[in-house]
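The block underneath contains the structure these notes are about, expressed in structure tokens.
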Amino acid sequence: ITPSIGLELPGITYCEPTYARALDWLLCDGLATLARPDGRSLYLRLSTRAIDQEPFDAAATRIGDDALRRDVLAGGYRLREPDRDADVVLATCGAVTPEVLAAAELLDGEGVAATVLDLTSPDRLFEGWRRALRSAAAAARLPPAAHQLDRLVCAGERDRPIVTVHDGASHALAWLGSVYGQRVVPVGVDEFGQSGSVEELYDLFGLLPGQIVNAALVALT
């Protein structure tokens with residue numbers, strides 16, 4: 001099934017980890033959740049693509065294993081911190097994450113600081129945001145800072161544009177701009193049936209690092 005369907009189906013949680021330790025944590029949590037009377041099934045969207053694990057290890061060193069595990073299970077974490085206040089936020093998940101990290105490095109060379117968010121479960125992020133809004137509507141009050149996106153998008157970044165990058169339908173992450181009213185440039189795979197190498201297909205859908213840089217520059221204009 002597609003990421004979009006995974007988001008929409010009741011009784012199932014869609015997760016798309018990039019790194020092996022995140023997969024381990026999510027799988028164990030999913031099995032524990034399934035065993036509860038009110039448990040849900042787990043949909044893991046995975047890839048056989050070999051991915052360097054060093055960025056995750058660096059994030060674990062910076063954040064700490066316990067805090068990182070909490071963020072992974074809650075739906076996402078800050079994979080890359082810029083050297084100064086961010087100009088743009090790059091939000092991604094799954095197999096295309098290396099291209100996003102490479103794009104962030106290229107943006108540095110252009111004088112553009114980029115935060116990279118690894119969304120381990122867009123489903124849990126969306127559900128947490130919607131739960132806060134429903135609670136606020138029921139009580140006729142503004143929602144408190146009670147969902148994971150409050151942790152992922154810090155106060156100083158909430159007026160910065162977002163580029164969402166996904167090797168699924170681009171609309172699956174485009175909703176992130178609705179949370180704080182940020183401009184969004186969504187990059188994704190909105191057609192199907194093509195065949196070719198990873199590089200050829202990424203080039204077709206604008207998923208190569210240089211193309212992601214261009215999307216970020218468009219977002220900043």
Side-chain angles (χ1 to χ4, degrees), residues 15-23 25-26 47 49-122 124-125 148-168 170 172-174 176-177 179-180 182-188 202 206-220:
C15 298
E16 189 165 355
T18 304
Y19 299 104
R21 289 177 66 194
L23 169 60
W25 292 340
L26 286 163
S47 170
R49 187 184 186 195
I51 291 179
D52 179 15
Q53 303 294 299
E54 191 280 331
F56 188 86
D57 294 337
T61 299
R62 185 183 76 249
I63 300 170
D65 280 357
D66 291 342
L68 180 57
R69 183 178 184 276
R70 178 196 62 209
D71 285 345
V72 165
L73 296 182
Y77 65 99
R78 294 174 67 91
L79 176 59
R80 181 188 189 270
E81 297 282 2
D83 294 333
R84 57 177 177 83
D85 291 343
D87 299 307
V88 65
V89 176
L90 307 180
T92 188
C93 60
V96 77
T97 300
E99 279 69 25
V100 175
L101 289 171
E105 294 295 328
L106 292 174
L107 284 167
D108 274 349
E110 298 286 342
V112 177
T115 298
V116 176
L117 307 180
D118 181 10
L119 311 182
T120 53
S121 178
R124 286 180 176 172
L125 290 178
Q148 180 66 4
L149 284 167
D150 282 306
R151 296 176 54 83
L152 293 189
V153 184
C154 63
E157 295 173 345
R158 292 175 188 173
D159 60 350
R160 303 295 192 265
I162 300 175
V163 177
T164 61
V165 185
H166 197 198
D167 66 347
S170 59
L173 299 182
L176 287 169
V179 178
Y180 299 113
Q182 293 161 269
R183 183 179 183 184
V184 172
V185 175
V187 179
Y202 278 19
L207 295 170
L208 293 177
Q211 295 168 316
I212 297 168
V213 167
N214 290 341
L217 297 177
V218 168
L220 288 164

Does some side-chain heavy atom of [Y] sit less than 4.5 Å from a side-chain heavy atom of [X]?
X: Thr120; Y: Cys15; answer: no
X: Ile162; Y: Leu117; answer: no
X: Val88; Y: Arg183; answer: no
X: His166; Y: Pro122; answer: no
X: Gln182; Y: Val153; answer: yes
X: Val100; Y: Val163; answer: no

Where [X] and [Y] come nearest, the two heavy atoms and their spacing:
X: Cys93; Y: Leu173; answer: SG-CD1, 4.5 Å
X: Ala95; Y: Asp167; answer: CB-OD2, 4.1 Å
X: Gln148; Y: Gly76; answer: NE2-O, 3.0 Å
X: Arg62; Y: Leu79; answer: NH1-O, 3.6 Å
X: Leu220; Y: Pro161; answer: CD2-CG, 3.7 Å
X: Gly94; Y: Ile51; answer: O-CD1, 4.4 Å

### Task
Determine, stepwise, if the pair Val72 / Tyr19 fulfils side-chain contact (heavy atoms from CB on, under 4.5 Å).
CA-CA 10 Å; Val72 165; Tyr19 299 104; over 6 Å; no
### Query
Is the Tyr77 to Trp25 ring centre distance short of 6.0 Å?
no
#### Entry: Asp85/Arg160 ion pair, N-O < 4.0 Å
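So Asp85 does not pair with Arg160 through a salt bridge.
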[X] side, atom [atom1]; [Y] side, atom [atom2] - distance, nearest 0.5 Å:
X: Leu125; Y: Arg151; atom1: CG; atom2: CZ; value: 12.0 Å
X: Glu99; Y: Leu90; atom1: CD; atom2: CG; value: 12.5 Å
X: Asp71; Y: Asp66; atom1: CG; atom2: CG; value: 11.0 Å

### Message
Between Thr18 and Arg49, does the side-chain contact (heavy atoms from CB on, under 4.5 Å) criterion hold? Intermediate values first, please.
### Response
CA-CA 10 Å; Thr18 304; Arg49 187 184 186 195; over 6 Å; no
### Query
Does the Thr92 side chain pair with the main chain of Val165, one donor and one acceptor, at a distance under 3.5 Å?
yes
### Message
For the backbone of Asp57 and the side chain of Thr61, can you confirm whether one donor and one acceptor N or O come within less than 3.5 Å of each other?
### Response
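Checked: pair present.
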### Message
Let's go through Asp65 and Arg21 carefully: what are the C-alpha distance in whole Å and the side-chain angles of both, what is the deciding distance for side-chain contact (heavy atoms from CB on, under 4.5 Å) to 0.1 Å, and is it a yes or a no?
### Response
CA-CA 10 Å; Asp65 280 357; Arg21 289 177 66 194; 3.1 Å; yes
For a quick test of your reading: what N or O donor-acceptor pairs under 3.5 Å do the side chains of residues 102-113 make, sequence neighbours left out?
from	atom 1	to	atom 2	distance (Å)
Glu105	OE2	Arg80	NE	3.4
Glu105	OE2	Arg80	NH2	3.4
Asp108	OD2	Arg80	NH2	2.4

### Task
For Leu152 and Leu119, run side-chain contact (heavy atoms from CB on, under 4.5 Å): C-alpha distance rounded to whole Å, both residues' side-chain angles, the deciding distance at 0.1 Å, then the answer.
CA-CA 9 Å; Leu152 293 189; Leu119 311 182; 4.0 Å; yes
